[in-house]
Amino acid sequence: MIKTEKVLHLKSCRGRKVRVVREHYVRERVPCFSALCQADCDNHDGKVLPGDLTHYVVPDVGVVVDYLEILEFRELQGIVFTQTACQAVQHSKGRRQYNRLRTLLKDPRHDCVLFANEFQEYSYCPREKGERQEKWQTRCVYSAAVWYYNHLAGMRDVVMITEDQEAVAQYSSLHSGVYVISIKDFLENFWPELQAAHELYSSISQALQEKESEATEREYAEHLPAEVLEAGIKSGRYIQGTLNISKHRAHSEASIAAEGLSNKNSDLSCGVLVCSAKNRNRAVHGDVVAVELLPKSEWRGKDTALTERQGEEKSGEDGDRKPMPTGRVVGILQRNWRDYVVTFPPREGPQPQSRNSQRILVVPWDHRIPKIRISTQQADALQDHRVVVRIDSWESTSLYPNGHSVRVLGRAGELETEVQTILIENCIHVPPFSDAQLREMPVNSPERPWAVDAAEVAERRDLRRSHLVFSIDPRGCEDVDDTLSVRSLAGGKLLELGVHIADVTHFVPEGSLTDLEARTRSTTYYLADRRYDMLPAVLSADLCSLLGGVDRYAMSVMWELDAQTLAVDKVWYGRTLIRSSYQLHYELAQALLNGEPAEVPELDGLGSEERDAELARLTRSLETLTRVARHLRAQRDRGGALELEGVEVRAQLDEERNITALVPRQPLEVHETVAECMIYANHWVARKIQEAFPHQALLRRHPPPRQQFFSQLVDSAAARGFAIDTGSNKALADSLDQAVDPQDPLVNRLLRIMATTAMSQAVYFSTGLQSQDQFYHYGLALDRYTHFTSPIRRYADIVVHRLLAAALDVDRGLDPRRAVAGNKELEEAAHHINNKNRAAQQAQKLSTELFQCLYFKDRDPQSDRRCVADAVIYSIRDNGVLVFVPEYGVKGPVYMRSREGEVVAVGQDGCCEWQSGSVRRHSDHISTTSSCGTSTFRLFDHITVRISVRSLHCHADALNLEVIRNEPHRGAAEPQRPSSQGRSGLVQEVVRLAEEATQQAQEKAARRPKLSREEREFSQSKTPNLYSLLEEVRELALLDPEAASRVAAMTA
Amino acid sequence: MVCGNMAGLELLSDQGYRLDGRKASELRKVQARMGVFAQADGSAYLEQGNTKALAVVYGPHEIRGSRSWIRHDRAVINCQYSMATFSTAERKRRPHGDRKSTEMSLHLKQTFEAAVMTQLYPRSQIDIYVKILQSDGGNYSVCVNAATLAVIDAGIPMRDYVCACSVGFVDETPLADLCYAEESGGVSSLALALLPRGGQIALLQMDARLHQDHLDALIEAAMTACKGVGKVLDEVVRLHLKEVSVLTGE
């Protein structure tokens, strides 16, 4: 079977030429991965190319190396990558690009395979003496293409695409059935309608041409070779870390969070500063770089002054800055380039059409990314448009990186464009579900109603008759993923509490297309005006949703509690079949609990007597549930320092009061009841899977915050005379409870917000990677926690469901249906989910900001009274203060000194104006001195600010706050004005305006119906429902995931 | 551009091919000849892929040198391992006597003391000289295999063939018979010398980190590989016997 042959490689290693002889074994049977295979190739593991294509495509090495992006189009089918090409990518483009190719090959949604042509006896051709490498590679690929054609007995034509014109000439007529053409011809002949691919092609080829005609003048120091860097890092001469460019001073300041080695040297623990673009040496935000420390005399400190985002030059303020280690980048270990959204700058005046007019510097939306030079012929057409761009290279001779455009998003400033921008900037990719994915879904239509399977009924515990199951959700909720039940057993001695969660894993088998898509998305994305579901609607809103009155599959946790002490007697986990009797909403449930008259829609059809009996039964259940939840809560309070968690909720409820202006709603106890049950279920499931799979369970931990993050909180509180103890979560919660200013409830709220910001993020992890004492959940004060209760909108829950199912199989002595994912695999999944969650939060935050800006954009700040609001100072900086505007939930800087050097002066009546003078900063106040005297702004002072929008053409618009009076806003004392109702009103209004604009545009020009179609496609629920409202709250809680999960648990 | 970084090489592709086109459990091609030198008592030449070794055996004969080495119950085995100066890509400065060679000699000695029936030759000595002519990974195992053939050629009774093979561990998969590129690519490897018929281990050597859970699988793979080598050696010996018997006219 094996035949040995030898190949000679000339390889240079450490600069010296060394001749290396390597063996090369070729074999006759190499799987071809085609469904048409006649020779019984071993095509079992991996993807198989379908047989119903007109041709197969074999891209040449050059095509794969340079034009991989085009091959990534899912429309292109039947691509056979050769091993030769893959190795060339690995060698010339580095690991990142190679990994991209590997994921492409593994992704079942892409129709492409890898053919190991160099190990096939007949398709392998040894390199001839003196043959150039490119020629040889092309010959190999061609010979692979011929082999493929012959192997499939000529049933399918094979098209080899290459950029090498000589190859086209040389090979195209050699063999009938094997065509050799250029990419351009290929796209034109086979995919004339795939416009995006054509554009991408011309954009890439232009970028490549530009690269060849590059100047040679050097702008940056060369990067050191990889071996030198590796050795330097090991010896401690260089420091490895991820470059993090400062958001506010993107031009001058960046820092490196050093990994690992830094703890030797306490100086380095806070990171290394990299000043100026020169020292940054072509590294882009997020790259893994190696830095060399500069001599101590050149160390500098971080700027603490507020700056405009444009990053003006600051000088002469070195006095009070503490110098920190400063270094320069000597090499880049790993590029982390992604897709960037850029804006084409407007043309200044008519420019002569010179050669250079096609090369344009575009400005990325993200401040931290340098300008990118791209060459395009559409520069005029694309003015003011947002475009997706990829960076290709950054040579040391060039001041800016080179890139090429990929896709046009639309005109800057339009709602749709901006929302797409936010998605792309956070690497969120949410295409509509493909047909193949939807085909996997069960059908539930009026003609073919979905019904439970008899086999499943036999497998599952049937709770339809025995248990009174109900759900409590926000009004109008579509995706009900949790239901509750409670009943008494054994003549009242025992209580049985049940939490029933939608059995999503039943419908989404591991490894299916839907599963892969859900895994890629990891979560449902909630933006201010829309959401992107993780699962197709047929599951999320119908078959998995535990709606009232229909049979549904569920995954249940049931506890048998002692009716008196409420101690847990027994826990049962398992798959069940339920029928929810009541689909309640929070207000209704609370009304029932309070004994108020309430209309339960499910009971409408019944006679009055019967109805009363049913109502009493339901109310009794709710009461029991509340009692249990109260007890659970108290138990946790006693058992561990849980108070902090309660604090967060209270802080949110504070927020909620803000929103109740729109929806008259009270913080209800029933919220907490439901949340408590969910936490309890999550906790017990975490225990179960951790015990069953000690090394490979997916849990969620919340590490204790670092003490230094509390300094702002402690200092601010001290300014008001409160002492905050941050020793433990319990102590923190207690001292926060005491820090209440009776005059101003906002003080406590701000302190709590600061405490929340100091928290670290809760993250998913695999238990095999942490020691058990690291499992602790600081916020909830639980030793183990996971997410189990919302599988419809979180992928982590799906993973946990699978783990639980496997654990149950093990309990029953069965082998799990599929092997449980290993520790490494799980950790990768956890990492991915954490990243996506962060992206989702970030996108949500940005979209809220976007809506705030759109809201204020059309208002004249001088005349519109909605633009004037009350604000509280919560932090003091060198040249201004940071304030919080409770009415709109906006945080932002207020300058005390303008760029011209003028300072805010307070007149007799409290009005502020700009005058020349000076600013002094103290620990708890900032004072300005001018000709009208000195005025002081203290922490927690209320001031009146005017909100206006600073339009930034290339970036997201920003809100500008300007102090106009140094006393509380009078309007604040008035009762709620109907016109400005917090954020939700704001979102509604902006959406309406945008819709109107769209409609107008539609009427005007019927040629552009695209926008509205997109809207219909993307915004599944356009009007802000209660769900999005609560998601706002989640955002307001300053992105603390724990608080978010609480709210989510409530809403879910 | 990052290239030439050995750690970055993909030792086992997603489709299960190794750098040189073998699958995980496939051995390199083994070719061998016995009786290559007439003057020595026994000799053999063995190629395993691109690693080539020459083994020569003298003895059993009287103890030369110090009489204190004499063992009254068995023969003493003396091994010497060396590498030709031209065996590597860059010319070797010191062909023998360095730490590595000394260690290797010691390992060989231990291996053959376990396999040769030394009790049959008390108060005598057996010399085994092995020279690597070309080195491409798995030096130890190639030496053992070559020396086995040489010992057989010398007509010294052994309990069984000693077959050696190295295995490495990549991506949760054991790779049999590592070549140089794989050995230097940061694989934790293990060398095993086996008496295949009884399944006794003559020597097991490993100086890399490996999780305990994987050790059994790795040893299992190594034993399978050694048995594969054993089959090839057996064929070589039989072929040689046939040739020799034709020559001697028996």
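Residue numbers begin at 1 in each chain, while the letters A, B, ... track the order of the sequences. Every value quoted in this text rests on a predicted model; they were computed, and no experiment measured them.
- Summarising the geometry, atom CG belonging to Leu19(B) is positioned 11.5 Å from atom CD belonging to Glu23(A); distances are rounded to the nearest 0.5 Å.
- The candidate from Gln87(A), Lys106(A), His223(A) with the greatest count of non-hydrogen atom pairs under 4.5 Å with chain B is Lys106(A).
- If you measure heavy-atom distances from Arg18(B) to chain A, the contacts under 4.5 Å come from the backbone alone.
- Shown here is His214(B), whose NE2 atom has more than 12 heavy atoms of other residues, nucleotides or ligands within 6.0 Å.
- Taking the side chain as every heavy atom from C-beta outward, Val30(A) and Tyr17(B) approach each other to under 4.5 Å.
- Contact detail for Gly21(B) and Arg27(A): the closest heavy-atom pair is O-NH2, 2.8 Å.
- Contacts between Lys824(A) and chain B at a heavy-atom distance below 4.5 Å are absent for every atom of the residue.
- In terms of modelled atom types and a separation under 3.5 Å, the side chain of Arg22(A) and the main chain of Cys179(B) share no donor-acceptor contact.
- Under the 4.5 Å side-chain criterion, counting only non-hydrogen atoms from C-beta, Phe119(A) is not in contact with Gln15(B).
- No more than 12 heavy atoms of other residues, nucleotides or ligands sit less than 6.0 Å from atom CZ of Arg33(B).
- A heavy-atom distance below 4.5 Å is found between the side chains of Tyr25(A) and Lys29(B).
- Rounding to the nearest 0.5 Å gives a distance of 12.5 Å between CZ of Arg22(B) and NE2 of His24(A).
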